[in-house]
Amino acid sequence: STQSTWGDNEKINVTQGAVTMMTFYNPWRTLAAELDWPSRNGASAAHETQSFSPRVDIVEQKDHYRIAIDLPGVEAKDVSVTVEQNVLSISGERKIDKEESEQGYYRFERARGSFLRSFKLPEDIDPENISAVNKNGVLTVQLPKAAVVKPRSIEVKTLS
C-alpha cells in the first residue's frame, strides 16, 4: 500500500493497483470559506472591487425595443449609455459607500465594481430618439424603431 498527499485535506491510497481517494472533512475550512474570512495576509476579499455583468431583459414591441438592466444601488450619474457604430453600450460602476467600507463584514455577496454591456443594434433603430431612465434600481433604455418608408405606387397619367 502506497499513500500520497493530494492537497491539504485529501490522501490517495494505492493498494495492489487499485486507487482510492479519501477526503478528510475540515469544518473550519468550510466555515471560513462560507463566511469569506479575510485571507492570511490580512486583506479582506469583501472590500475588493471587480467587474460584474448585470442581468438584462430585451423586449421587442411594435414601435420600439426596450432594454431593462438591473442596477440596484447604482446612481444615474454613475451610468453611461452610448451608441457608436450601431452598438449600444451601457457602462458604469457600483461603488462601495465610504461608510460601508469602514465597517467589518463577515459576508459580502453584492457585486461591486465596473460593468459594461454592449448590444449590436438592429438596422431599424432611430438612434436620435433613444432614451434612458433609471428608476427603482432598473435602468430602462427605450430604442424607438425608425419610421419605415413604404414603397408607393405612382400613377402614370396620359396627357391628351
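Only this structure's heavy atoms are used, side chains among them; waters, hydrogens and symmetry mates stay out.
Between L143 and H64 the shortest side-chain heavy-atom distance does not fall below 4.5 Å. For the pair V141/R66, no side-chain contact is recorded, criterion being any heavy-atom separation below 4.5 Å from C-beta on. Residues L116 and S89 are in side-chain contact: their nearest non-hydrogen atoms beyond the backbone lie under 4.5 Å apart. The shortest side-chain heavy-atom distance between P72 and R94 falls under the 4.5 Å cut-off. In this structure, R117 and V56 have side chains that are in contact, with non-hydrogen atoms separated by less than 4.5 Å. You'll find the side chain of L71 reaches within 4.5 Å of the side chain of V79, heavy atoms only. Residues L139 and I67 fail the side-chain proximity criterion, which asks for heavy atoms closer than 4.5 Å. Between I69 and R55, every side-chain heavy-atom pair lies at or beyond the 4.5 Å cut-off.
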Practice task
Give the C-alpha distance, both sets of side-chain angles, the deciding distance and a yes or no for side chain to side chain contact (heavy atoms under 4.5 Å, CB included) between Y65 and L88.
Solution key: CA-CA 12 Å; Y65 296 91; L88 174 75; over 6 Å; no
Practice task
Mind running side chain to side chain contact (heavy atoms under 4.5 Å, CB included) on V133 and S131 for me, showing each step along the way?
Solution key: CA-CA 7 Å; V133 175; S131 64; 5.5 Å; no
Practice task
Walk me through it: do R112 and E93 pass the test salt bridge (charged side-chain N to carboxylate O under 4.0 Å, His left out)?
Solution key: CA-CA 7 Å; R112 297 285 196 250; E93 183 176 12; over 6 Å; no
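Judged purely by atom type and a 3.5 angstrom limit, D78 has no side-chain atom pairing as donor or acceptor with the backbone of G73. Between the side chain of N86 and the backbone N or O of L121 there is at least one donor-acceptor pair closer than 3.5 Å.
Under the 4.5 Å side-chain heavy-atom criterion for Ile, Leu, Val, Met, Phe, Trp and Tyr, V138 and F52 are members of distinct hydrophobic clusters.
P144 pairs with exactly one of N129, I125, D63 by the side chain to side chain contact (heavy atoms under 4.5 Å, CB included) rule, that one being N129.
For the pair E75 and K95, the salt-bridge criterion is not met [side-chain N within less than 4.0 Å of a carboxylate O].
Within 6.0 Å of CD in Q61 there are more than 12 heavy atoms belonging to other residues, nucleotides or ligands.
Taking both residues in full, the closest heavy atoms of F115 and P54 are given as CB-CD, 3.7 Å, listed atom of the first, atom of the second, then distance.
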